[in-house]
Chemist: 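Okay, here's the structure, questions in a sec.
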Amino acid sequence: MLITQRTPAILAALIAAVGLLLLTHTAAAQTAADSTITLDWTASGDDGVVGTATSYDLRYRTVGVTGTDTLSWWNAATRVTGLPAPHASGTPDTMPVRGLTPLTTYYFVLRVADEVPNWSGFSNIAVRTTTGDLTAPAAVTDLAVTATTGTSMSVRWTAPGDDGTSGTAASYDIRYSTAPITSSNWGSATTVAGEPTPAVAGTQQTFTIAGLTPARLYYVAIRATDSSGNVGALSNVPSGTTTDTIAPAPVHDLSMDPDGNPVDPFLASTPTTEVASDAR
């Protein structure tokens with residue numbers, strides 16, 4: 001091979017072209033739940049496809065490249081932080097990109113740098129759409145108080161779903177208050193513990209709220225949450241009054257005499273005996 005002053009530049013261009021070709025054929029992406037996209041690719045190298053590079057720069061946008069102006073797209077893209085250090089050439093590398101918007105299409109491009117740094121060209125564009133559950137459980141509309149005792153109140157409702165009225169929600173939040181419950185004062189209502197696990201949509205479920213005060217009016221409401229953290233709207237708000245189980249206090253001042261001195265109730269109730277007179 002003839003060595004000239006242009007040889008280093010030619011080699012550098014050849015190395016960049018080989019690296020770009022490798023990225024073009026290996027960059028890929030997998031979409032996972034919870035609005036996370038995991039990107040996979042094969043490490044190129046420090047010098048083309050030889051050795052180990054120094055760093056990666058991964059960026060994304062929600063719009064694709066217009067025409068061939070990848071540089072403008074790249075400059076406006078969001079940079080992913082926390083990227084791993086490159087592995088040796090030919091080794092698989094991966095990066096989960098979290099915190100993305102659910103049900104949104106993203107475009108990803110990767111570049112590689114050596115220690116100088118010399119930067120590779122742009123990789124192919126990996127296009128993926130995030131999953132994610134944006135549908136909250138439906139609001140319970142038939143919550144009802146079915147029974148009360150002096151210290152408890154039993155309620156019944158029809159299970160909503162995970163997505164509206166379909167599927168199975170993840171959890172319930174049941175709260176009660178001595179004032180009507182609204183969306184505004186929901187946070188100040190008393191939470192209960194031990195709610196049942198949601199059943200499949202359409203199933204009748206029951207629960208008993210304990211630890212209440214006798215002879216008091218209570219309002220109760222319920223909300224369901226799905227596995228993605230979507231919280232359903234507030235249910236209807238029925239009320240119930242706990243049973244009056246407190247008896248009157250005993251009387252301690254029965255039968256006071258006119259002088260204000262207590263009279264022994266036993267002596268006061270003893271019958272008197274009268275002797276008949278012989279007089280005619």
Side-chain angles (χ1 to χ4, degrees), residues 16-45 49 53-87 89-114 116-139 160-171 183 223-233:
V18 172
L20 177 58
L21 180 64
L22 183 62
L23 285 171
T24 301
H25 287 285
T26 60
Q30 298 174 341
T31 303
D34 301 326
S35 303
T36 296
I37 291 178
T38 300
L39 293 159
D40 302 303
W41 65 92
T42 302
S44 53
V49 294
T54 301
S55 63
Y56 289 124
D57 189 349
L58 175 65
R59 303 187 187 189
Y60 64 86
R61 294 183 67 184
T62 56
V63 296
V65 175
T66 301
T68 59
D69 190 6
T70 307
L71 181 60
S72 295
W73 182 98
W74 177 263
N75 291 335
T78 299
R79 177 177 290 159
V80 176
T81 60
L83 285 162
H87 284 90
S89 175
T91 304
D93 272 328
T94 186
M95 178 65 189
V97 183
R98 299 184 172 88
L100 303 176
T101 302
L103 305 177
T104 301
T105 299
Y106 287 90
Y107 301 79
F108 296 87
V109 173
L110 179 70
R111 296 184 72 186
V112 188
D114 63 16
V116 176
N118 294 310
W119 283 97
S120 73
F122 301 110
S123 72
N124 61 302
I125 301 175
V127 183
R128 290 296 182 273
T129 300
T130 52
T131 59
D133 181 3
L134 295 177
T135 305
D162 178 89
D163 297 324
T165 57
S166 300
T168 305
S171 63
S183 297
R223 301 177 77 174
T225 302
D226 66 17
S227 57
S228 296
N230 298 308
V231 181

Chemist: P84: which residues meet the side-chain contact (heavy atoms from CB on, under 4.5 Å) condition with it, sequence neighbours left out?
Modeler: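 For P84, the residues satisfying side-chain contact (heavy atoms from CB on, under 4.5 Å) (neighbours in sequence not counted) are M95.
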Chemist: Name all residues meeting the salt bridge (charged side-chain N to carboxylate O under 4.0 Å, His left out) criterion together with D57; count only those two or more places apart in sequence or in a different chain, and write none if there are none.
Modeler: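 If we apply the salt bridge (charged side-chain N to carboxylate O under 4.0 Å, His left out) test to D57, skipping adjacent residues, the hits are R59, R79.
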Chemist: Do the side chain of T91 and the main chain of A43 share a donor and acceptor less than 3.5 angstrom apart?
Modeler: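 No; zero donor-acceptor contacts below 3.5 Å.
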Chemist: Sequence neighbours excluded, which residues qualify as ring-ring contact (aromatic ring centres under 6.0 Å, His included) partners of Y60?
Modeler: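 For Y60 the ring-ring contact (aromatic ring centres under 6.0 Å, His included) partners, ignoring immediate neighbours, are Y106, F108.
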Chemist: With sequence neighbours excluded, what pairs up with A233 under the side-chain contact (heavy atoms from CB on, under 4.5 Å) test?
Modeler: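 Applying side-chain contact (heavy atoms from CB on, under 4.5 Å) to A233 gives A139.
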Chemist: Would you check if there is a donor-acceptor pair between the side chains of D40 and T94 at a distance under 3.5 Å?
Modeler: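 Note: T94 and D40 side chains meet the donor-acceptor criterion.
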Chemist: How far does CZ of R128 sit from OG1 of T104, to the nearest 0.5 angstrom?
Modeler: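 R128 CZ to T104 OG1: 15.5 Å, rounded to 0.5 Å.
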Chemist: Within this structure, what is the OG1-CG distance for the pair T36 and L100, rounded to the nearest 0.5 Å?
Modeler: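 Rounded to the nearest 0.5 Å, the OG1-CG separation comes to 6.5 Å.
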Chemist: With distance as the sole test, does R111 use its side chain to make a donor-acceptor pair with the main-chain N or O of S120 at under 3.5 Å?
Modeler: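 Side chain of R111 to backbone of S120, a donor-acceptor pair under 3.5 Å: yes, one is there.
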Chemist: With R223, which residues qualify under salt bridge (charged side-chain N to carboxylate O under 4.0 Å, His left out), at least two apart?
Modeler: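 None.
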Chemist: Report the residue from Y56, W119, W41 that forms a side-chain contact (heavy atoms from CB on, under 4.5 Å) with V112.
Modeler: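 Single pass found, and it is Y56.
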Chemist: Just jot down the side chain to side chain donor-acceptor pair (under 3.5 Å) partners of T105, sequence neighbours excluded, or say none.
Modeler: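 By the side chain to side chain donor-acceptor pair (under 3.5 Å) rule, T105 matches T129.
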Chemist: Could you tell me which non-hydrogen atom of N230 sits nearest to which non-hydrogen atom of D226, and how far apart they are?
Modeler: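 N230 and D226 have their closest heavy atoms at N-OD1, 2.8 Å.
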Chemist: With D163, which residues qualify under side chain to side chain donor-acceptor pair (under 3.5 Å), at least two apart?
Modeler: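 Per chain and number, D163 pairs via side chain to side chain donor-acceptor pair (under 3.5 Å) with no residue.
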Chemist: For a quick test of reading the model, state the closest non-hydrogen atom pair linking A113 to A53 and the distance between them.
Modeler: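 Residues A113 and A53, closest heavy atoms: O-CB, 3.6 Å.
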Chemist: With sequence neighbours left out, write down each residue that passes side-chain contact (heavy atoms from CB on, under 4.5 Å) with V109, or none if nothing qualifies.
Modeler: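 V109 satisfies side-chain contact (heavy atoms from CB on, under 4.5 Å) with W73, W74, F122, S123, I125 once adjacent residues are dropped.
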Chemist: Identify, with sequence neighbours excluded, every residue that meets side chain to side chain donor-acceptor pair (under 3.5 Å) alongside D162.
Modeler: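 Side chain to side chain donor-acceptor pair (under 3.5 Å) list for D162, sorted by chain: empty.
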Chemist: Which value, rounded to the nearest 0.5 Å, describes the distance between L110 atom CG and D93 atom CG?
Modeler: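 Result: 9.0 Å between the selected atoms.
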Chemist: Under the side chain to side chain contact (heavy atoms under 4.5 Å, CB included) rule, what do L39 and V80 come out as? Steps first, then yes or no, please.
Modeler: CA-CA 11 Å; L39 293 159; V80 176; 5.9 Å; no
Chemist: In the structure I gave you, are the side-chain heavy atoms of I37 and T130 within less than 4.5 Å of one another anywhere?
Modeler: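 Yes; the side chains approach each other to less than 4.5 Å.
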Chemist: Would you list the atom pairs, donor with acceptor, under 3.5 Å between side chains in residues 164-171 and any protein atom, with sequence neighbours excluded?
Modeler:
none

Chemist: Does anything in residues 61-74 pair up under salt bridge (Lys or Arg N to Asp or Glu O under 4.0 Å), and if so which pairs, sequence neighbours excluded?
Modeler: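 Non-adjacent pairs meeting salt bridge (Lys or Arg N to Asp or Glu O under 4.0 Å): zero.
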